[in-house]
Amino acid sequence: MECADNPRNKCAACYRQFNRMEHLVDHMRTSFHSVHEPTCGVCKKHCRSFESLREHLIGPLPKQECRNAFNIRGCKFCLAILDSPYALRVHQDRCQLSGVNHGISAYMANLGLRDSLTIDNGYSRGPQVVALACKTVGGGSDRSLDLCARVCIIDEKENIIFHTYVKPPIPVTNYRYETTGIRPEHLRDAMPLRQVQRKVQDFLCNGEPTWKIRSPKGGKARILVGHGLDHDLDKMQVEYPPIMIRDTAKYPPLMKTSKLSNSLKYLTQAYLGYDIQNGIQDPYEDCVATMRLYVRMRRQVHRRQDYPLASDPQNRNNFASWRQNELERMSPEEMLAISRSDYYCGCLDSA
């Protein structure tokens with residue numbers, strides 16, 4: 001039997017070691033290691049998420065060499081390792097984003113209806129990106145039914161393009177004022193939910209039929225950014241193709257585990273460097289946080305691959321069982337080269 005410390009049986013990405021080569025092949029078949037994974041700037045180990053990379057660098061049992069380098073030259077926000085302490089200081093001035101500007105923009109957000117939703121027929125260059133957030137009040141006899149009561153949409157430059165209070169179709173039994181800041185007078189003459197639904201749906205599709213929106217590269221539809229968008233869209237009764245959604249609650253590099261999401265409050269503090277959702281929560285503040293997180297993920301620089309996703313037809317046989325003998329003759333580095341991600345990386349939107 002081959003020894004477990006045989007470098008031939010060591011994964012070139014996560015550095016796990018296996019007793020037999022076929023075990024390493026099975027690992028590569030299911031791990032979906034790729035150039036899109038967060039990688040340690042010191043030892044080059046691939047991690048499934050930035051949270052696992054943080055554990056690797058500064059967790060309870062970090063790799064000592066990596067922790068020492070990170071303590072001196074590491075950015076606590078993007079987890080990059082810089083060339084020198086001076087380079088780190090320059091980098092962190094740009095990396096730590098300031099909080100939301102609570103000046104005229106935030107003030108205007110609270111004035112009521114603001115509607116700049118337009119259909120541009122796809123004349124703008126590149127995919128347009130917008131962020132959406134909504135706040136809910138309670139309905140039903142037990143006051144636990146979530147009802148959409150406020151919606152905000154911003155563009156990539158953090159300008160408010162749509163903000164309105166929403167009149168729910170059933171009576172409100174709990175305004176949840178401590179977190180929403182919503183009072184009965186805000187909803188008395190608010191825009192009806194059905195009208196909000198129609199306006200938002202038309203704006204997101206940008207004149208394109210929903211059935212025609214098939215890929216991030218195709219059509220004129222807008223990329224929609226948010227946190228927990230399944231919930232927000234459901235309460236607004238809006239349907240939108242998942243291929244056009246960038247949800248920071250479901251983006252694997254930002255998740256706590258493969259099945260557990262981080263809160264937007266935590267992500268903003270950990271990766272942007274400021275606090276949100278203290279007291280009354282403003283949907284504009286949530287929109288800005290999700291947009292900044294998305295832009296940060298999109299700006300990651302990864303090596304280009306012709307077919308970057310494991311779901312692409314060209315990659316479906318990369319680790320097929322009928323190739324077992326061929327795969328066992330490959331080196332770990334060769335197997336890593338043909339491995340692909342199982343999620344759509346934000347960097348692909350800037351390609």
Side-chain angles (χ1 to χ4, degrees), residues 38 47-55 57-60 75-80 92 94-103 105-107 109-110 129-138 144 146-154 156 158 160 163 174-182 224-236 245-300 343 346:
C47 298
R48 187 58 180 170
S49 68
F50 282 104
E51 290 303 294
S52 57
L53 175 58
R54 195 184 295 275
E55 284 269 312
L57 293 169
I58 54 176
C75 174
K76 66 179 182 180
F77 302 116
C78 68
L79 305 183
Q92 282 202 321
R94 300 192 305 268
C95 201
Q96 181 176 7
L97 300 177
S98 60
V100 175
N101 177 10
H102 290 286
S105 294
Y107 174 71
N110 290 293
V129 182
V130 296
L132 177 147
C134 77
K135 294 300 175 185
T136 59
V137 292
S144 64
D146 287 340
L147 304 173
C148 177
R150 189 177 176 191
V151 176
C152 183
I153 300 176
I154 68 169
E156 197 168 346
E158 303 176 8
I160 299 169
H163 173 266
N174 182 10
Y175 286 89
R176 303 173 181 171
Y177 176 78
E178 293 78 11
T179 57
T180 67
I182 295 174
L224 178 62
V225 176
H227 190 85
L229 280 170
D230 285 348
H231 175 269
D232 288 355
L233 294 177
D234 177 62
K235 298 312 166 189
M236 293 172 61
I245 290 175
R246 308 289 182 264
D247 194 332
T248 54
K250 291 185 174 182
Y251 185 55
L254 289 176
M255 294 179 70
K256 186 176 297 184
T257 69
S258 60
K259 295 184 179 179
L260 186 62
S261 300
N262 279 303
S263 68
L264 180 59
K265 181 180 179 69
Y266 169 79
L267 292 176
T268 305
Q269 195 280 329
Y271 296 99
L272 301 179
Y274 67 94
D275 292 318
I276 64 169
Q277 298 179 349
N278 297 316
I280 291 178
Q281 300 176 14
D282 192 328
Y284 172 71
E285 186 178 55
D286 292 355
C287 284
V288 171
T290 55
M291 181 63 80
R292 290 178 177 181
L293 286 167
Y294 165 75
V295 170
R296 171 151 291 178
M297 295 301 105
R298 188 182 64 186
R299 286 176 179 167
Q300 295 177 101
Y343 63 89

Less than 4.5 Å apart, side chain to side chain, heavy atoms only: is that true for Glu158 and Cys287? no

Shortest non-hydrogen separation from Cys152 to His163 and the atoms involved: CB-CD2, 4.2 Å

Is NZ or CZ of Arg54 both nearer than 6.0 Å to the six-membered ring centre of Tyr271 and within 45° of the ring axis? yes

For Lys265, is the NZ atom crowded, meaning more than 12 foreign heavy atoms sit under 6.0 Å from it? yes

To the nearest 0.5 Å, what is the distance between CG (Leu132) and CD1 (Ile154)? 10.0 Å

Check the pair Arg246 / Tyr251 against side-chain contact (heavy atoms from CB on, under 4.5 Å), numbers first and verdict last. CA-CA 7 Å; Arg246 308 289 182 264; Tyr251 185 55; over 6 Å; no

Between the main-chain N or O of Ser144 and the side-chain N or O of Asn174, is there a donor-acceptor pair closer than 3.5 Å? no

Does any N or O in the side chain of Thr248 come within less than 3.5 Å of the main-chain N or O of Gly226, such that one atom is a donor and the other an acceptor? yes

Do you know the tightest heavy-atom contact between Lys235 and Thr136? CG-CG2, 4.3 Å

Is the shortest side-chain heavy-atom distance between Tyr177 and Val137 below 4.5 Å? no

Closest non-hydrogen contact found for Arg150 with Gln281 is NH1-O, 4.3 Å

Is the closest side-chain heavy-atom distance between Leu272 and Leu293 below 4.5 Å? yes

Looking at NZ of Lys250 and CE of Met255, how far apart are the two atoms once the value is rounded to the nearest 0.5 Å? 8.5 Å

Using a 3.5 Å distance criterion without hydrogens, assess whether the side chain of Tyr294 forms a donor-acceptor pair with backbone atoms of Val130. no

Which pair of non-hydrogen atoms, one from Gln277 and one from Asp286, has the smallest distance, and what is that distance? NE2-OD1, 3.2 Å

Supply the atom-to-atom distance Ile280 CD1 to Glu285 CD, rounded to the nearest 0.5 angstrom. 11.5 Å

Report the C-alpha separation of Arg292 and Thr268 in whole Å, then their side-chain angles, then the decisive distance to 0.1 Å, and conclude whether the side-chain contact (heavy atoms from CB on, under 4.5 Å) test is met. CA-CA 9 Å; Arg292 290 178 177 181; Thr268 305; over 6 Å; no

Counting only N and O atoms by type, is there a donor-acceptor contact under 3.5 Å from the side chain of Gln269 to the main-chain atoms of Tyr266? no

Do Ile245 and Leu233 have side chains that get closer than 4.5 Å, going by heavy atoms? yes

Return the CG to OG1 distance between Asp282 and Thr179, rounded to the nearest 0.5 Å. 12.0 Å

Check against side-chain contact (heavy atoms from CB on, under 4.5 Å), Lys76 and Ile58: CA-CA 10 Å; Lys76 66 179 182 180; Ile58 54 176; over 6 Å; no

Is there a donor-acceptor pair under 3.5 Å between the side chain of Ser49 and the backbone N or O of Ser258? no

Before giving the answer on side-chain contact (heavy atoms from CB on, under 4.5 Å), spell out for His231 and Asp146 the whole-Å C-alpha distance, their side-chain angles and the decisive distance to 0.1 Å. CA-CA 9 Å; His231 175 269; Asp146 287 340; 3.0 Å; yes

Beyond-backbone contact of Cys95 with Arg296, side-chain heavy atoms, under 4.5 angstrom: yes

Closest non-hydrogen contact found for Ala289 with Tyr274 is CA-OH, 4.0 Å

Backbone N/O of Leu229 and side chain of Asp247: donor-acceptor pair under 3.5 Å: yes

Looking only at heavy atoms, which two atoms of Ala149 and Ile182 are closest? And how far apart? CB-CD1, 3.7 Å

Distance in Å, Leu79 CG paired with Leu53 CG, rounded so as to fall on 0.5 Å steps: 5.0 Å

